[in-house]
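Report on the following structure.
Each chain gets a letter, A, B and so on, in the order its sequence line appears, and its residues count up from 1. Worth saying up front: this structure is predicted, and the values here are computed from it rather than measured.
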Amino acid sequence: MPELPEVETVRRGLEAAMVGARLAAVEQRRPDLRFPFPERFAERLTGQRVEALRRRAKYLIADLDGAEVLVMHLGMSGSFRIEQARGPIPGAGAKNSLHDHVTFDLSTGARIIYNDPRRFGFMQLIRRPEFAAHPLFNNIGIEPLGYEFDGAALARLFARKTTSLKAALLDQASIAGLGNIYVCEALHRAGLSPRRAAASLACNDGTPSARATRLARAIRAVLNEAVAAGGSSLRDHRKTDGALGYFQHSFRIYGRAGQLCARCGGVVRRITQAGRATFYCGGCQR
DNA sequence: AGTTGCACCTGGCTGC
DNA sequence: TGCAGCCAGGTGCAAC
């Protein structure tokens with residue numbers, strides 16, 4: 001499910017409910033998701049006050065008033081929803097709660113529930129001083145909505161890469177937060193082929209090409225529009241309040257194999273790159 | 001060192 | 001209606 005715009009949408013929903021509240025009770029319903037939960041996970045969280053909820057790449061990071069930071073990743077199918085703790089307790093066997101793996105009951109009376117059918121998500125507790133140097137975070141690239149991201153940054157990051165533009169854009173060590181959908185969308189907006197060599201964004205003298213600038217602007221634009229729309233709702237992904245994001249209606253290329261390109265009338269193609277589907281228009285993406 | 005392919009899971013959809 | 005096969009928003013790791 002979640003790329004940067006979806007994670008940011010979740011962050012905003014959780015921030016409003018969690019920041020300033022204490023974790024009055026935490027329930028962990030299985031020993032692992034993608035990885036085992038930390039030792040004594042619920043116990044270490046109980047009683048902690050949430051001071052801030054941040055996003056880095058596709059990670060959610062809750063700053064606690066103790067010595068640790070709670071790191072959460074949604075994987076492919078993770079989602080959060082917010083209910084009132086006084087409401088019906090999800091009963092065993094209720095279809096909707098089958099994959100509810102963690103619940104946080106807050107001092108405000110709200111209950112935050114983490115649901116993840118595929119269990120590719122995970123949660124981790126990291127001591128604050130070790131946070132920046134932690135393996136999860138010490139090799140993460142620049143934020144595409146940050147001030148330092150532009151055509152020059154793209155050209156510099158990709159200068160010596162031998163992979164395709166598509167694969168390079170998906171590499172979280174270069175740019176943090178892009179995923180399969182928004183890479184396809186940004187490349188289409190920029191009129192660049194996903195098969196083009198990543199290094200071709202720099203001119204021979206190493207300066208950023210006009211293509212690099214176009215691509216950086218397209219990435220910013222598509223991410224900003226998607227965040228404003230509350231992300232994309234594929235399958236049953238929802239925001240924390242249960243509402244659907246609606247950016248999926250704005251996809252111009254993703255999932256449109258066989259349809260006509262809205263910009264040039266060419267046929268949208270689907271190919272496989274690095275094991276993942278790529279959608280692009282052979283007419284206007286060069 | 002950088003790049004690619006596979007593995008990890010469940011569920012939804014398509015086509016027989 | 002049932003079922004096999006394929007596909008899915010991510011990423012860590014082994015193998016080249």
Return the value, rounded to whole Å, for the distance between atom [atom1] of [X] and atom [atom2] of [N].
{"X": "A:H101", "N": "B:dC8", "atom1": "NE2", "atom2": "C1'", "value": "14 Å"}
{"X": "A:Y182", "N": "C:dG10", "atom1": "OH", "atom2": "C1'", "value": "15 Å"}
{"X": "A:D32", "N": "B:dT10", "atom1": "CG", "atom2": "P", "value": "11 Å"}
{"X": "A:K166", "N": "C:dG9", "atom1": "NZ", "atom2": "C1'", "value": "11 Å"}
{"X": "A:L170", "N": "B:dT4", "atom1": "CG", "atom2": "P", "value": "11 Å"}
{"X": "A:F35", "N": "C:dT11", "atom1": "CZ", "atom2": "C1'", "value": "8 Å"}
{"X": "A:Q172", "N": "B:dT3", "atom1": "CD", "atom2": "P", "value": "15 Å"}
{"X": "A:L33", "N": "B:dC9", "atom1": "CG", "atom2": "C1'", "value": "11 Å"}

Among [options], which nucleotide has an atom closest to any side-chain atom of [X]?
{"X": "A:M76", "options": "C:dG9, B:dG11, B:dT3", "value": "C:dG9"}
{"X": "A:N180", "options": "B:dG11, C:dA8, C:dG10", "value": "C:dG10"}
{"X": "A:R270", "options": "C:dG9, C:dA8, B:dT10", "value": "C:dA8"}
{"X": "A:R34", "options": "C:dG9, C:dT11, C:dA8", "value": "C:dT11"}

Indicate whether OP1 or OP2 belonging to [N] is found under 4.0 Å from a side-chain N or O atom of [X].
{"X": "A:T162", "N": "B:dT3", "value": "yes"}
{"X": "A:K161", "N": "B:dT3", "value": "yes"}
{"X": "A:R119", "N": "B:dC8", "value": "no"}
{"X": "A:Y254", "N": "C:dG9", "value": "yes"}
{"X": "A:H99", "N": "B:dT10", "value": "no"}
{"X": "A:R276", "N": "C:dA8", "value": "no"}
{"X": "A:K58", "N": "C:dT11", "value": "yes"}

Handout entry: Same cluster (ILVMFWY, side-chain, under 4.5 Å), A:L145 and A:I140
Key = no

Practice task
Pick base, sugar-phosphate or nothing for A:G275, based on heavy-atom distances below 4.0 Å to the nucleic acid.
Solution key: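 Contact class for A:G275: none.
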
Exercise for the section: Answer with base, sugar-phosphate or nothing: what part of the nucleic acid does A:Y59 contact at a heavy-atom distance below 4.0 Å? Expected result: sugar-phosphate

Practice task
Walk me through it: do A:Q285 and A:L187 pass the test side chain to side chain contact (heavy atoms under 4.5 Å, CB included)?
Solution key: CA-CA 8 Å; A:Q285 290 183 251; A:L187 285 169; 3.7 Å; yes

Exercise for the section: Decide whether A:Y246 and A:S232 meet the rule of one side-chain donor and one side-chain acceptor closer than 3.5 Å. Expected result: no

Practice task
Keeping the roles fixed (side chain from A:K166, backbone from A:N180), state whether a donor-acceptor pair exists under 3.5 Å.
Solution key: no

Completion exercise
Closest heavy-atom pair, A:R263 versus A:H188, reported as atoms and distance to 0.1 Å, is NH2-O, 2.5 Å

Problem - Nearest atoms (heavy-atom pairs only) where A:S200 meets A:S209 - result: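 In this case the closest contact between A:S200 and A:S209 is O-OG, 4.3 Å.
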
Exercise for the section: Measure the distance between the ring centre of A:F120 and the centre of the six-membered base ring of C:dT11, then answer whether it is under 5.5 Å with planes under 30°. Expected result: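 It does not: the two rings, one from A:F120 and one from C:dT11, miss the stacking criterion.
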
Handout entry: Secondary structure of DNA chain B in dot-bracket form (Watson-Crick or G-U wobble, distances below 3.5 Å, | marking inter-strand pairs)
Key = .|||||||.|||||||

Fill in the blank from the handout: Assert: residue with more 5' nearest nucleotide on DNA chain C, out of A:L136 and A:A277, is A:A277

Handout entry: All side-chain hydrogen bond (donor to acceptor under 3.5 Å, both in side chains) counterparts of A:R54, not counting sequence neighbours
Key =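 Checked A:R54 against side-chain hydrogen bond (donor to acceptor under 3.5 Å, both in side chains); matches are A:D63.
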
Exercise for the section: Might you work through the side chain to side chain contact (heavy atoms under 4.5 Å, CB included) test for A:D171 and A:T163, ending with a clear yes or no? Expected result: CA-CA 10 Å; A:D171 182 359; A:T163 35; over 6 Å; no

Practice task
Apply the ring pair (Phe, Tyr, Trp, His ring centres under 6.0 Å) test between A:H73 and each candidate in A:Y59, A:Y114, A:F137; give the one that qualifies.
Solution key: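 Result: among A:Y59, A:Y114, A:F137, A:Y59 is the only option passing the ring pair (Phe, Tyr, Trp, His ring centres under 6.0 Å) with A:H73.
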
Practice task
Pick the P atom in C:dC7 and in B:dG5, then give their distance to the nearest Å.
Solution key: 16 Å

